[in-house]
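Order of the sequence lines fixes the chain letters, A, B, ..., with proteins taken first and strands second; residue numbering starts at 1 for each chain. What you see is a predicted model, and the numbers here were worked out from it, not measured in a lab. Because only heavy atoms are used, hydrogens play no part in the values below, and waters and symmetry mates are left out as well, while side chains stay in.
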There are 2 protein chains.
Amino acid sequence: MARAGLTAERVTEAAAELADAVGFENITVSALARSFGVKDASLYSHVRNLQDLRERVALLSAGELADHIAAAVAGRAGKDAMIAFANAYREYALAHPGRYAATQIQLEPAALAALAKKSTAYARNVELTHAMLRAYRLTEPDLTDAGRLLRSAFHGYITLEANGGFSHSRDVQTSWERALDALHLLLEQWPSEPSRHAAEEEGI
Amino acid sequence: MARAGLTAERVTEAAAELADAVGFENITVSALARSFGVKDASLYSHVRNLQDLRERVALLSAGELADHIAAAVAGRAGKDAMIAFANAYREYALAHPGRYAATQIQLEPAALAALAKKSTAYARNVELTHAMLRAYRLTEPDLTDAGRLLRSAFHGYITLEANGGFSHSRDVQTSWERALDALHLLLEQWPSEPSRHAAEEEGI
DNA sequence: CATTTTTCCTAGGACCCCTAGGCATTTGCT
DNA sequence: AGCAAATGCCTAGGGGTCCTAGGAAAAATG
């Protein structure tokens with residue numbers, strides 16, 4: 001019988017496709033085997049187990065996401081860069097929901113270490129965030145704090161949007177653009193110290 | 001043989017416990033049955049199927065979350081209310097990760113409609129957000145936009161935190177407090193129109 | 001062409017979801 | 001209290017998934 005020509009890469013790629021189609025949580029070794037016209041046991045020559053498969057999809061996707069963002073941000077600075085970053089991030093997440101979900105799982109330290117040589121897609125994402133923020137002249141620890149807030153807002157907005165969390169009639173695209181305007185403003189005036197006003201009102 | 005005394009409520013409650021222990025995605029009818037010392041087929045008298053069980057946990061949790069927030073916000077206004085809201089939200093999510101994850105699934109319209117009489121926990125959460133924001137004197141559509149950004153930031157921060165997305169050494173609690181300060185500032189100066197500055201730079 | 005390696009297979013165990021149908025316990029009615 | 005009805009939990013069983021062990025055929029290597 002002619003062989004299917006499987007490799008770890010092809011399997012991972014197909015798993016990513018499947019994830020986008022049915023959701024990352026719902027990918028299954030059986031379905032993957034069916035899509036190759038192969039018995040499920042055959043896949044275990046290329047992938048250790050389901051968890052391993054998921055981690056491979058996660059690493060693939062994180063790399064793609066970083067590439068997509070890097071391409072969008074290249075040559076831009078300041079607000080332009082921030083907007084481009086945010087839109088690239090959202091585009092990828094909405095176009096590839098399964099892959100994006102994959103990037104959110106926490107990897108085994110082993111999996112991370114094994115792929116450290118591949119310029120860890122994960123670290124790149126954090127680097128990209130920091131590079132983008134440097135235009136706002138923030139220094140540590142503000143850089144980390146602002147980066148966390150920004151990534152939280154992006155990630156939160158996109159997952160809520162994708163899960164139907166925004167039931168209101170207000171247009172989602174417009175809200176997104178307004179959110180980016182607001183975040184830009186926030187970065188320009190990042191409060192370097194906890195507001196004194198609040199501290200006074202708190203104490204008694 | 002003595003009966004276990006199951007009801008839909010007790011089963012749902014136990015499922016919520018289980019979700020907090022092993023993760024919402026990993027709750028299983030079998031494990032639940034074992035925890036009651038009962039065969040798994042027995043649970044299907046109280047719960048239609050696994051999806052039904054998940055929806056029940058989601059509704060239970062959404063109600064608890066709304067209660068927790070409402071209690072924290074009661075009697076507060078302005079920044080106090082915003083901080084209390086945010087901290088209550090985060091507390092619940094970190095203390096009950098499985099339940100919190102449950103609140104993020106999208107419910108069947110049928111499930112929502114069936115529970116509409118129970119003052120839909122979901123609508124209450126949106127209401128609470130809007131009530132909190134009214135102190136900032138925002139009007140529609142800014143109210144919706146700001147609410148979406150705020151919920152996104154909270155949700156995003158918490159899920160990233162829970163999934164180990166903040167690997168940096170900077171203290172997570174401090175970052176959170178700084179994020180709340182920043183968001184307060186943002187709400188006080190919410191930009192009612194897209195910034196003209198950006199519009200000029202965009203065009204050519 | 002012979003040997004080694006790789007790819008894919010069959011067989012099978014463990015766990016899970018869910019349905020059908022039956023006995024036993026509890027409840028409600030007279 | 002006694003009896004019927006409703007309910008709670010059971011056994012039996014089918015189908016799906018993950019994964020391992022060991023074998024056969026194809027491909028790669030000498």
Side-chain angles (χ1 to χ4, degrees), chain A residues 1-60 98 101-102 105-108 110-111 114, chain B residues 1-60 98 101-102 105-108 110-111 114:
Chain A
M1 188 192 281
R3 292 193 180 175
L6 303 183
T7 65
E9 285 68 29
R10 286 195 62 200
V11 169
T12 304
E13 180 63 36
E17 296 286 325
L18 184 60
D20 284 337
V22 306
F24 180 68
E25 305 302 329
N26 301 319
I27 66 177
T28 175
V29 176
S30 305
L32 207 53
R34 274 194 296 275
S35 81
F36 280 111
V38 146
K39 300 296 171 186
D40 43 350
S42 305
L43 294 186
Y44 288 88
S45 308
H46 308 279
V47 156
R48 268 207 313 285
N49 50 34
L50 183 59
Q51 164 149 6
D52 180 40
L53 178 66
R54 287 189 162 134
E55 285 170 357
R56 284 170 188 270
V57 174
L59 287 167
L60 168 70
I105 65 171
Q106 44 188 347
L107 297 177
E108 294 292 315
Chain B
M1 187 191 281
R3 292 193 181 175
L6 303 183
T7 66
E9 284 70 28
R10 286 195 61 198
V11 169
T12 304
E13 179 64 35
E17 297 286 325
L18 184 60
D20 285 336
V22 305
F24 179 67
E25 305 302 328
N26 301 319
I27 65 177
T28 174
V29 175
S30 304
L32 207 54
R34 272 194 298 275
S35 81
F36 280 112
V38 146
K39 301 296 172 185
D40 42 350
S42 305
L43 294 186
Y44 289 88
S45 309
H46 307 280
V47 157
R48 267 206 315 285
N49 51 33
L50 182 60
Q51 163 149 5
D52 180 41
L53 177 66
R54 286 188 161 133
E55 285 170 357
R56 285 170 187 270
V57 174
L59 287 167
L60 168 69
I105 66 171
Q106 42 188 348
L107 297 177
E108 296 292 313

Take atom [atom1] of [X] and atom [atom2] of [N], then tell me their distance rounded to the nearest Å.
X: A/Ile27; N: D/dT17; atom1: CD1; atom2: P; value: 13 Å
X: B/Arg54; N: C/dC17; atom1: CZ; atom2: C1'; value: 11 Å
X: A/Lys39; N: D/dG22; atom1: NZ; atom2: P; value: 22 Å
X: A/Asp40; N: C/dA11; atom1: CG; atom2: P; value: 14 Å
X: B/Asp52; N: C/dC17; atom1: CG; atom2: P; value: 14 Å
X: B/Tyr44; N: C/dT19; atom1: OH; atom2: C1'; value: 10 Å
X: A/Leu53; N: D/dT17; atom1: CG; atom2: C1'; value: 14 Å
X: B/Leu32; N: C/dC15; atom1: CG; atom2: C1'; value: 16 Å

Would you say [N] has OP1 or OP2 under 4.0 Å from some side-chain N or O of [X]?
X: B/His46; N: D/dC9; answer: yes
X: A/Arg34; N: D/dT17; answer: yes
X: A/Ser30; N: D/dG16; answer: no
X: B/Thr28; N: C/dC17; answer: yes
X: A/Arg10; N: C/dT7; answer: no

Looking across every strand, which nucleic acid part, if any, lies under 4.0 Å from B/Ser45 by heavy atom: base, sugar-phosphate, or nothing?
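Counting heavy atoms under 4.0 Å across all strands, the contact made by B/Ser45 includes a base.
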
Heavy atoms only, 4.0 Å cut-off, all strands: where does B/Ala41 land among base, sugar-phosphate and nothing?
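The residue B/Ala41 makes base contact.
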
Which distance, rounded to the nearest 0.5 Å, do you find between the [atom1] of [X] and the [atom2] of [Y]?
X: A/Leu50; Y: A/Leu43; atom1: CG; atom2: CG; result: 11.0 Å
X: A/Leu32; Y: A/Glu17; atom1: CG; atom2: CD; result: 11.0 Å
X: A/Glu55; Y: A/Gln106; atom1: CD; atom2: CD; result: 10.5 Å
X: A/Arg34; Y: A/Thr28; atom1: CZ; atom2: OG1; result: 7.0 Å
X: B/Arg56; Y: B/Glu9; atom1: CZ; atom2: CD; result: 7.0 Å

From D/dC19, C/dC17, C/dC8, nucleotide with atom closest to B/Val29 side chain:
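The listed nucleotide nearest to B/Val29's side chain is C/dC17.
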
